[in-house]
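What follows is one structure encoded as structure tokens, with my remarks underneath.
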Amino acid sequence: MPAVCSRATLLWGRNTLFLVGPICLLLPLAIAGRSSEAYCGFIVILMAVYWCTEVIPLAVTALLPILLFPLFGIMPSKQVCMQYLKDANILFIGGLMVAISIEHWHLHKRIALRTLMFLGVKPALLMLGFMAVTSFLSMWISNTATTAMMIPIIQAVLQQLTSSDVEAEQTDLESAGPTNDLELETKSSKNELDSSGLCIQPVMMSEDLNMYKALTLCVCYAASIGGTSTLTGTGPNLVLKGQLIQIFPESGEVVNFASWFAFSFPNMLIMFVLSWLWLQALFLGLNFRKLWGWRIPITPKEKRANDVIVREYKKLGPMSFAEKAVLVLFVLVVLLWFTREPGFVRGWGYLLFKSNGKGYVNDATVVLTIAILMFMIPSKKPNFTPWNRMQQSSKEDITEQEVASPRLLSWDVVHHKLPWNVVFLLGGGFALAKGCEVSGLSRWLGNQLLPLQTIPPWAIVVILCLTVAIFTECTSNVATATLFLPVLASMAITIRLNPLYVMIPTTLSTSFAFMLPVATPPNAIVFSYGHLMVLDMVKAGLMLNIIGVASVTLAINTWGRLMFNLDSFPEWANVTQRE
């Protein structure tokens, strides 16, 4: 009991220190400065400390500009509040609604299991299957949800790969298979109990333990890597989109879903392949013939592992009408995103909805249209022959059946699954960026970074990417992007460098949180299963950070340079001239 009280006291003292300390230390300096730049700088540093330490929830910290900007005379409250629901937020909400419908009808699980059945269960191919599925799904649904779904499947497969024949037979006799995700997770991660009731981790051979480490780590890493390839895949990408329009209103559609995918997807593939090979070499060795199963027959353990996947897939049953409808709508929204403004030709957004030089639709319009359709389309196949239904039952029964049939998406499901805190976090970032611009802090910071003109641009990118990759290990990736991007935009204006040349690589680097369990929720989920030590994640993640920074630097200096015309300073970035 005293130890608990002592820990609680220490926690209370820490929180009090981080809550009050920055105010006591920095507020007198801001008051002494007596300028909008000083006041805005105080607010930025205060929010940075709160975001890094999480002494109050991230979303609550994001609301501070509504209170502090008017209090210090930086911006009127009405103007601050308008920053919290921009089109980037709507794009985020609409994308999550589509993702929620995919999760709700278990379409993501069907895709995952089907892919694993196709690739097989040889160690390297099994890892490839889990990584491929996780990366693909995390492009469209949240990294956390993807990891949470994949880990129980991995646990069940690994149990068959590492158990003895006797243990496997006993497991098969006890149950033909778990009946749901929760039971699957419980059975696959259960531990033995000794006579005193204490939990004992099962003893594993070194080779088996390395297999557990490799296959669990590959999932959380693949989730972070896959999320970088689409504009809606992870929060920082939308922060870039929103702040680019905020700081450079004339930038237009320079970054949209199609252009982002064209740049980021090849980079994601490079990181994917190198990460796959690195994890094999680190945990499974370099015997690629054995790992890939080249001309090696399948073993009984591998057959049992494959049976687990097949059994889980069969439990899903035939594809329902709801799954088919969600799949069609999902493919439709992706096609509409790609063809609206593809860049190399005029898309349907220009041909149908552009007049007087104005575009009337954007990516948010597209995804919200599909999301609204999901609230309208029933989850059961409608019967368009009412005369046949009349013969089967009365009109009252038909009416009750139709009313009981749910739609593809309901507001109750969205309300419980949509992470509203991230919406506020995005809004707080846009408000912070606007405050830095209005107060003049952005211009002041840009002037301080003028000496960077002497450094080659590619070296600036490497330094910034490494800095952000380290910083994001300790704080939210959305908060990291929110803090860095306005400063980098100001720097680019000052040294006459295309802002996209530094903003895109650093945005991608915020997702390189590979080294610590607390760096990102997928890492925490994987670490909670008890097969990993922090040192394992640090060793594996350090090389992945290097791979990520090298890959992004290569991408921005090759095809990124051509796609975004990075060799010239764009007219839309010349904000000082317009002022």
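Here, residue 1 is the first one in the sequence, and each next residue gets the next number.
The CH2 atom of Trp51 sits 7.0 Å away from atom OG1 of Thr61, with the distance rounded to the nearest 0.5 Å. Taking CE from Met271 and CZ from Phe512, the interatomic distance works out to 4.0 Å, rounded to the nearest 0.5 Å. Atom CG of residue Leu516 and atom CG of residue Asn523 lie 8.0 Å apart, to the nearest 0.5 angstrom. Distance check, rounded to the nearest 0.5 Å: SG of Cys220 to CG of Leu532 gives 7.5 Å. If you take CE on Met268 and OG on Ser511, they are separated by 12.0 Å, rounding to the nearest 0.5 Å. Taking NE2 of His108 as the start and CG of Leu113 as the end, the distance is 10.0 Å to the nearest 0.5 Å.
Checked by atom type and distance alone, the side chain of Thr506 pairs as donor or acceptor with a backbone atom of Met503 at under 3.5 Å. The backbone N or O of Leu408 sits less than 3.5 Å from a side-chain atom of Trp105, completing a donor-acceptor pair. A donor-acceptor distance shorter than 3.5 angstrom exists from the side chain of Ser259 to the backbone of Asn256, with no hydrogens or angles considered. In this structure, the side chain of Ser138 engages the main chain of Ala223 through a donor-acceptor pair within 3.5 Å. Between the side chain of Ser135 and the backbone N or O of Ala132, no donor-acceptor pair lies under 3.5 Å. At least one donor-acceptor pair under 3.5 Å links the side chain of Tyr221 to the backbone N or O of Phe514. Using modelled atom types, one side-chain atom of Thr228 and one backbone atom of Ile225 make a donor-acceptor pair closer than 3.5 Å. Under the 3.5 Å distance criterion, the side-chain polar atoms of Ser528 are matched with a main-chain donor or acceptor of Ile525. The closest donor-acceptor contact from the side chain of Trp559 to the backbone of Phe263 lies under 3.5 Å.
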Under 3.5 Å, which donor-acceptor pairs link side chains of residues 322-346 to any protein atom two or more places apart or in another chain?
residue, atom, partner, partner atom, Å
Glu323, OE1, Arg110, NE, 2.7
Glu323, OE2, Arg110, NH2, 3.1
Glu323, OE2, Ser320, N, 3.2
Glu323, OE2, Ser320, OG, 3.4
Trp337, NE1, Asp363, O, 3.1
Thr339, OG1, Leu335, O, 2.7
Thr339, OG1, Trp348, NE1, 3.1
Arg340, NE, Asp363, OD1, 3.1
Arg340, NH1, Val361, O, 3.3
Arg340, NH2, Glu253, OE1, 2.7
Arg340, NH2, Asp363, OD1, 3.2
Arg346, NH2, Tyr350, OH, 3.4

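Using a 4.5 Å heavy-atom cutoff, the side chains of Pro152 and Tyr529 are in contact. Using a 4.5 Å heavy-atom threshold, the side chains of His104 and Ser410 count as separate. When side chains are defined from C-beta on, Ile153 counts as touching Leu116, because their heavy atoms get closer than 4.5 Å. Within the 4.5 Å cutoff, no side-chain heavy atoms of Leu279 are placed close to those of Lys213. A heavy-atom distance below 4.5 Å is not found between the side chains of Met149 and Glu103. A 4.5 Å side-chain heavy-atom check between Val310 and Asn306 finds at least one atom pair inside the cut-off. Residues Ile93 and Leu96 have side chains not in contact (no heavy-atom distance under 4.5 Å, counting atoms from C-beta outward). Between Leu566 and Ile556, some side-chain heavy-atom pair lies under the 4.5 Å cut-off.
The aromatic rings of Trp140 and Phe136 sit perpendicular to each other, their planes meeting at more than 60°, with 30° as the lower class boundary.
For the residue pair Lys434 / Gln79, no side-chain donor-acceptor distance below 3.5 Å is found, with atom types taken as modelled. Asn267 and Ser264 share no side-chain donor-acceptor pair at under 3.5 Å. Defined by atom type and a distance below 3.5 Å, a donor-acceptor pair is missing between the side-chain atoms of Asn477 and Thr480.
Pairing each heavy atom of Phe321 with each of Lys381, the nearest pair is CD2-N, 3.4 Å. When all heavy atoms are compared, the tightest approach of Leu231 to Asn237 is O-CB, 3.3 Å. Closest approach of Leu63 and Tyr84 over heavy atoms only: CA-OH, 3.7 Å. In terms of heavy-atom proximity, Arg407 sits nearest to Phe375 at CG-O, 3.4 Å. Shown here for Thr134 and Val219, the closest heavy-atom pair between the two residues is CG2-O, 3.3 Å. Closest non-hydrogen pair, Leu409 versus Ala371, comes out as CD2-O, 4.5 Å.
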Is there a side chain to side chain contact (heavy atoms under 4.5 Å, CB included) between Asp87 and Leu91? Walk through the geometry before answering. CA-CA 6 Å; Asp87 62 336; Leu91 176 59; over 6 Å; no

List the steps and the verdict of side chain to side chain contact (heavy atoms under 4.5 Å, CB included) for Thr216 and Gln155. CA-CA 8 Å; Thr216 51; Gln155 291 287 104; 4.2 Å; yes

Could you walk me through whether Lys109 and Tyr313 pass the side chain to side chain contact (heavy atoms under 4.5 Å, CB included) test, one step at a time? CA-CA 8 Å; Lys109 187 173 183 180; Tyr313 183 79; over 6 Å; no

Hey, mind stepping through Thr146 and Asn143 against side chain to side chain donor-acceptor pair (under 3.5 Å) and telling me if it holds? CA-CA 5 Å; Thr146 304; Asn143 300 347; 5.7 Å; no

Decide yes or no on side chain to side chain contact (heavy atoms under 4.5 Å, CB included) for Leu483 and Leu432, but give the supporting numbers first. CA-CA 8 Å; Leu483 292 170; Leu432 203 60; 4.2 Å; yes

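The environment of Met82 atom CE is sparse: at most 12 non-hydrogen atoms of other residues, nucleotides or ligands sit within 6.0 angstrom.
Checked against a 6.0 Å centroid threshold, the rings of Phe471 and Phe484 count as neighbours.
Across Leu137, Thr520, Val526, a single residue satisfies side-chain contact (heavy atoms from CB on, under 4.5 Å) together with Thr147, and that is Val526.
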